[in-house]
Each structure stands twice: as C-alpha cells, then as structure tokens.
Amino acid sequence: MRVTINQIKEMKPKGEKVTMLTAYDYATAKIIDEVGIPLILVGDSLGMVVLGYESTIPVTMEDMLHHTRAVVRGTKQAMVIGDMPFMTYHISVAEALKNAARFIQDGGAQAVKLEGGVTVTEKVSRIVDCGIPVMGHIGLTPQSVNQLGGYKIQGKTPEAANKLLKDALALEEAGAFAIVLETVPTQLATLITQRISIPTIGIGAGIGCDGQVQIINDILGSFTDFVPKHAKQYSRLSDIMSSAITEYYNEVKAGSFPTAKQSFSMDESILAELNK
Ligand code: KIV
C-alpha cells in the first residue's frame, strides 16, 4: 500500500517532518523508495537536469508521462506526484482535468502538482472533486520565470508577502493536500506554515516548513551546470562518475578490459569444427 494524502496531512499536527525528493527514472526511484521517502515528485525540473533545456518551459505532457511511468515502476511505497507542465492546466478547467487524469490513468501517479495560487484554485478544486489529489506550488514558480524576471527570491515586499499568504489560504480552501513553497524568506514560510492546516514543503524556504523537497541531482551532486543556494550536496556523484568513466576509457584503450571474468567461453570441440 502506498503512502496516502491522509498520512501526509496527519504528519503536520504530530510535528513529523515530511521528506520529498524528485526522481525521473526507474533505478533512482527504486533507491529513494527503498529508503522510505514518502513523496516522490516527477518534477518538470526534468527539463533542466535530465533533458538539458534552459528552463522547465519546453517540457511536454509526453515527456512527463514517459518519466512518470518509469518512476512508478520503480516504487512500491511512495506516493508518486506528477508535475503538470507549462500550459497543460492554464487554458481551461477541461484541459486541466484531462491532463491531470492522464497522469493518473496513463502515468500511474497518485497525485499531481501545479504551480500558482489564487489564479489556479478553480482548477485545483475541480481536479480534487474528480478524486485526484493536488499539491500546490507557490513562491518562485519556475514556469513563470519570464514573468518573474528570473529565478529570484519571492515575497520580500509587504504586498508580495501578503499575496503569497492569500495564495496559500486559497489553495488550502480549494482542497490541495500540501503546498510547495519555493525560494521565499524563512520567516514568511514559517508564518504561512502556521496559518494553514495542510503541510508546507519547502525548497529554499527555510527550516520552518512542515517538510522539505530537493531535486535528486542537486543532493547527489550529479548535475554540474549550477548548484542552487538551497541545495546541499550530500555527495559528489559527478566526480565519482567521471573517475569511473575515465578508468573504463583507459582500460579499454590499454586492452586490459574485459578480462576473463567479464567474458564467455565455448566448447573447444565446436571451435575445432569451425576451424576445419
Ligand atoms: O520541478 C520540480 O522539481 C519542482 C520542485 C522544485 C518542487 O517543482
């Protein structure tokens, strides 16, 4: 049985921290699931850390479904959340419903996430009404990077802080089961966390959130283009990979790989027949 939204919501009053990580492939998702992380987000950060785009904007439903299915196949206990890509929930409620349903029916996810506050609440409540759990996402919403003028800290002015609080309250009211707070001051994230009854999951939002989410490549140190300030590298996988690949390269060039251990042999009599 996978983690449910009720189990996640019940963690807040108990003061139990919620952990969430992104995953995009079968093998990584399997490791995350076996560790016991309850929430796995197939984030549209896929666009940058896996597909090499400059932003999340080019990511399509087909990209997301392809990777969501792989993550679902690699997991047993975690709730898998599909991140709705740019323009798949903006045009109409009908399109938002259709695309959310695809994550559940074709992708095998148990929930979806979408960016935005007050402006998306109608869509959130209609998706929830159809039986699909929704995670909100406010603060720095990367799909709006062009409107925001870059990947900047959000909610620093009184108006912006007030707007974020209103967005969080509106998402709670619309039926979201949790809200990601991205790149907002610790004090504001803490205040929002105290004002709503559903868990807040922070990324660059400080220690006062109910839980934390990180991009798997950032904590493993496998993405080398940049390291966001909010990320802690628990490993330097890129260095480990680079030295393993260099060793392989050198051994092939030197003729020392493969050895008998990585090779297969055949019956000498069959070989003798071939040589006649
Ligand atoms: O796409 C993503 O990985 C996300 C996280 C940063 C929350 O939305």
Side-chain angles (χ1 to χ4, degrees), residues 8 17-25 28-29 32 37-61 63-68 70-71 78-90 99-100 103 107 109 111-117 120 124 133-145 148 150-154 164 167-168 171 176-184 189 192-193 198-206 209-220 222-223 225-233:
I8 297 300
K17 292 283 188 186
V18 182
T19 45
M20 175 158 123
L21 274 174
T22 67
Y24 318 97
D25 67 274
T28 312
I32 297 171
I37 300 276
L39 299 176
I40 299 184
L41 172 70
V42 187
D44 64 353
S45 46
L46 164 82
M48 294 158 97
V49 299
V50 177
L51 302 178
Y53 295 130
E54 275 185 10
S55 75
T56 59
I57 290 170
V59 176
T60 65
M61 269 308 285
D63 293 333
M64 291 305 300
L65 290 174
H66 182 70
H67 289 268
T68 301
V71 168
M79 179 195 304
V80 176
I81 303 160
D83 207 3
M84 297 189 71
F86 182 60
M87 277 297 153
T88 63
Y89 53 96
H90 303 79
N99 288 320
F103 271 104
V112 296
K113 175 173 87 56
L114 49 82
E115 296 181 6
V120 294
V124 171
V134 177
M135 176 176 275
H137 181 163
I138 57 174
L140 173 52
T141 45
Q143 291 171 11
S144 305
V145 61
L148 297 174
Y151 297 99
K152 295 177 180 160
I153 184 154
Q154 301 296 306
L164 279 182
D167 283 338
L171 286 168
F177 73 95
I179 303 175
V180 169
L181 299 180
E182 179 165 352
T183 319
V184 296
I192 292 173
T193 301
I198 54 173
T200 56
I201 317 279
I203 177 163
C209 295
D210 297 305
Q212 298 295 326
V213 56
Q214 285 286 300
I215 290 173
I216 185 70
N217 307 64
D218 288 339
I219 67 158
L220 295 181
S222 62
F223 181 69
D225 288 5
F226 57 88
V227 182
K229 175 172 160 59
H230 61 66
K232 175 175 171 184
Q233 287 190 329

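Keep in mind that the numbers below use all heavy atoms, side chains included, and drop hydrogens, waters and symmetry copies. For ligands, and for the atoms within them, numbers begin at 1 and follow the listed sequence. Being a predicted model, the structure only gives us computed values, none of them experimental.
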Which residues pass the side-chain hydrogen bond (donor to acceptor under 3.5 Å, both in side chains) test with T88, sequence neighbours left out? none
Option among T28, I32, V213 that satisfies the side chain to side chain contact (heavy atoms under 4.5 Å, CB included) test with I40: I32
Answer yes or no: are there more than 12 heavy-atom neighbours, outside H90 itself, under 6.0 Å from its atom NE2? yes
Who are the side-chain contact (heavy atoms from CB on, under 4.5 Å) partners of P142, not counting sequence neighbours? T56, E115, H137, Y151, E182
Of all residues at least two apart in sequence or in a different chain, which pass the side-chain contact (heavy atoms from CB on, under 4.5 Å) check with P133? I5, A111, F177
Given side chains that start at C-beta, do those of Y24 and I215 come closer than 4.5 Å, heavy atoms only? yes
Tabulating one pair per line, provide the atom names and distances (0.1 Å) for every N/O atom of ligand 1 that is less than 3.5 Å from a protein N/O atom.
from, atom 1, to, atom 2, distance (Å)
ligand 1, 1 (O), D44, N, 3.1
ligand 1, 1 (O), D44, OD1, 3.0
ligand 1, 1 (O), S45, N, 3.0
ligand 1, 1 (O), S45, OG, 3.3
ligand 1, 1 (O), D83, OD2, 3.1
ligand 1, 3 (O), S45, OG, 2.5
ligand 1, 8 (O), K113, NZ, 3.0

